[in-house]
Enquirer: 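Structure below; questions to follow.
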Protein chains: 2
Amino acid sequence: MPEFLDLHSKTTKVLRALVETAMRRHGLHQGQDHLLAALWERDGSTPGEIAAVLHVTTPTVVKMATRMSAVGLLTRRRDEHDNRLVRLWLTDAGRALREPVEAERRSLEEKITADLTETERRHLMIALTKVYKSGSDLL
Amino acid sequence: MPEFLDLHSKTTKVLRALVETAMRRHGLHQGQDHLLAALWERDGSTPGEIAAVLHVTTPTVVKMATRMSAVGLLTRRRDEHDNRLVRLWLTDAGRALREPVEAERRSLEEKITADLTETERRHLMIALTKVYKSGSDLL
DNA sequence: AGGCAATCGTTAGACGGCAAACGACTAGGA
DNA sequence: TCCTAGTCGTTTGCCGTCTAACGATTGCCT
């Protein structure tokens, strides 16, 4: 078992669990906060655009959008000029979650990196970025 | 969007894709290599034991075991002395995958960390370990 | 003007992962 | 001895994610 892959895998599981319980407090599932974030930044984006921003496939966004629409976080509406396009629009409920969810996420990040010195944190970001780059190039 | 959580999330997606395509070459899905690794280390383990080692829930192991058994990588057999327990045993096919899969994983780890200096790599492991610890304590 | 290729969203099906409910078996206490 | 509590594996149902196939619409090119 290679060291880094194994450690990263374990860390991923722990972080997922933490994010899941943190977001559940706001009625969200893991990943839905990212979708909302995309709309907070650009309301009325299309599923394809969001998928690109989130590094995820279009079907994933479509499914999530369906569920989130059922819970009243956003609405679907076809583009007026191009009937192929669909645009996702935030509801008031979806907009209202911005502050609390962003705060929740910041809080979690702080707790998670609390044991790191500023130097360690910087080195971690630099090294992880390199890994991310190498990985992306291999795709 | 907190920096670390976001970067870690993106890295996870990339790594998952890489592991997936690497393991598909051996007829495996993401995560099945971990299950096999547990059996390579202790053949005849129970689903519960494996779940604990993999940091995963028991139902997850049960589902994977069902699929992997259908493909002939392992077999299910009830424990002779305790009929509640089920033990998973490797088939020859499952055993034969050990060398190639471990080599594949080592190769991927090398490619992924190729751009890191030895110092960077060490710092990355130390920092990630701290994050993992902090996260585990928060669970 | 008409047809064909490109562009989108959606559906279907598979997999890893989780929580909750269920069922079978064991073991310990009254 | 019997009954109850604890221990397991399994089933069910949901979510995120991917690939592949499908359907609808637009736009260009002849």
Side-chain angles (χ1 to χ4, degrees), chain A residues 9-10 12-24 27-36 38 44-52 54-71 73-88 139, chain B residues 9-10 12-24 27-36 38 44-52 54-71 73-88 139:
Chain A
S9 164
K10 288 194 303 181
T12 296
K13 289 194 178 71
V14 170
L15 289 186
R16 176 190 306 178
L18 287 174
V19 171
E20 179 73 36
T21 67
M23 288 308 152
R24 196 190 304 275
L28 296 180
H29 290 276
Q30 151 84 23
Q32 298 188 341
D33 55 331
H34 289 117
L35 175 32
L36 285 182
S45 296
T46 68
E49 290 169 352
I50 297 178
L54 302 191
H55 300 99
V56 154
T57 62
T58 308
T60 297
V61 174
V62 169
K63 275 193 182 179
M64 289 178 58
T66 301
R67 292 177 186 124
M68 293 170 74
S69 151
V71 203
L73 291 172
L74 52 85
T75 63
R76 263 190 174 83
R77 207 180 314 151
R78 301 214 81 99
D79 186 289
E80 303 177 6
H81 306 304
D82 189 338
N83 252 307
R84 288 172 299 186
L85 268 27
V86 162
R87 302 204 167 272
L88 304 180
L139 274 184
Chain B
S9 165
K10 289 194 303 181
T12 296
K13 288 194 177 73
V14 170
L15 289 186
R16 176 189 304 177
L18 287 174
V19 170
E20 179 73 36
T21 66
M23 288 308 153
R24 196 190 304 274
L28 295 180
H29 289 278
Q30 151 85 21
Q32 298 189 340
D33 55 331
H34 290 117
L35 202 165
L36 284 181
S45 296
T46 69
E49 290 169 351
I50 297 178
L54 302 191
H55 300 99
V56 154
T57 62
T58 308
T60 297
V61 174
V62 169
K63 273 193 185 180
M64 289 178 57
T66 300
R67 290 177 186 126
M68 294 170 74
S69 151
V71 202
L73 291 172
L74 52 83
T75 63
R76 262 192 175 83
R77 207 181 314 153
R78 297 213 84 96
D79 185 291
E80 302 178 5
H81 306 303
D82 190 337
N83 252 307
R84 287 173 299 187
L85 302 188
V86 162
R87 301 203 168 273
L88 304 180
L139 237 39

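Just so we're on the same page: letters track the sequence lines, and every chain starts at 1.
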Enquirer: Students often get this wrong, so: under 4.0 angstrom with heavy atoms, is B/V62 touching a base, only sugar-phosphate, or nothing?
Expert: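 Base, at least one base heavy atom under 4.0 Å.
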Enquirer: Below 3.5 Å is the cut-off: list the nitrogen or oxygen pairs between protein and nucleotides 12-17 of chain D, distance only.
Expert:
| residue | atom | partner | partner atom | Å |
| --- | --- | --- | --- | --- |
| D/dG13 | O6 | B/K63 | NZ | 3.2 |
| D/dC15 | OP2 | A/R67 | NE | 3.3 |
| D/dG16 | OP1 | A/Q32 | NE2 | 3.0 |
| D/dG16 | OP2 | A/R67 | NH1 | 2.7 |
| D/dT17 | O4 | A/K63 | NZ | 2.8 |

Enquirer: What distance do A/L88 atom CG and A/M68 atom CE have between them, rounded to the nearest 0.5 Å?
Expert: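 The distance works out to 9.0 Å.
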Enquirer: May I ask you to say whether B/R24 pairs ionically with B/E20, meaning some side-chain N is under 4.0 Å from a carboxylate O?
Expert: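 Judged by the 4.0 Å cut-off on N to carboxylate O distance, B/R24 and B/E20 do form a salt bridge.
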Enquirer: Would you mind reading off the distance between B/N83 atom CG and D/dC8 atom C1', rounded to a whole angstrom?
Expert: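 The answer, rounded to whole Å, is 11 Å.
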Enquirer: Ignoring backbone atoms, test whether B/R76 places a side-chain nitrogen or oxygen under 4.0 Å from the OP1 or OP2 oxygen of D/dT10.
Expert: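 Checking D/dT10 against B/R76, a side-chain N or O does come within under 4.0 Å of OP1 or OP2.
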Enquirer: May I have the distance from B/L85 (atom CG) to D/dT7 (atom P), rounded to whole angstrom?
Expert: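 After rounding, the reported distance stands at 13 Å.
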Enquirer: Please evaluate residues A/K13 and B/V56 with respect to the criterion side-chain contact (heavy atoms from CB on, under 4.5 Å), reporting the C-alpha separation (whole Å), side-chain torsions for both, the decisive distance (0.1 Å), and the verdict.
Expert: CA-CA 8 Å; A/K13 289 194 178 71; B/V56 154; 3.4 Å; yes
Enquirer: So do A/D79 and A/T46 actually touch side chain to side chain, heavy atoms under 4.5 Å?
Expert: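 SC-SC contact between A/T46 and A/D79 ruled out.
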Enquirer: Nearest nucleotide by nearest heavy atom, which residue falls closer to the 5' end of DNA chain C, A/G48 or A/R24?
Expert: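 Its nearest nucleotide being more 5', the pick is A/G48.
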Enquirer: Less than 4.5 Å apart, any side-chain heavy atom of B/Q30 and any of B/R16?
Expert: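 Sidechains of B/R16 and B/Q30: in contact.
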Enquirer: Give the C-alpha distance, both sets of side-chain angles, the deciding distance and a yes or no for side-chain contact (heavy atoms from CB on, under 4.5 Å) between A/E80 and A/R87.
Expert: CA-CA 10 Å; A/E80 303 177 6; A/R87 302 204 167 272; over 6 Å; no
Enquirer: Mind checking the CE-CG spacing from B/M64 to B/L54? Nearest 0.5 Å is all I need.
Expert: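 One gets 7.0 Å once the value is rounded to the nearest 0.5 Å.
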Enquirer: Indicate whether OP1 or OP2 belonging to D/dG9 is found under 4.0 Å from a side-chain N or O atom of B/T46.
Expert: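 Yes, because at least one side-chain N or O of B/T46 sits under 4.0 Å from OP1 or OP2 of D/dG9.
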Enquirer: Can you tell me how far apart CG (B/L74) and CD (B/Q32) are? Round to the nearest 0.5 Å.
Expert: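 Result: 9.0 Å between the selected atoms.
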Enquirer: First and last nucleotide of DNA chain C touching chain A, 5' to 3', heavy-atom cut-off 4.0 Å?
Expert: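 Using the under 4.0 Å cut-off, the span is C/dA6 to C/dG17.
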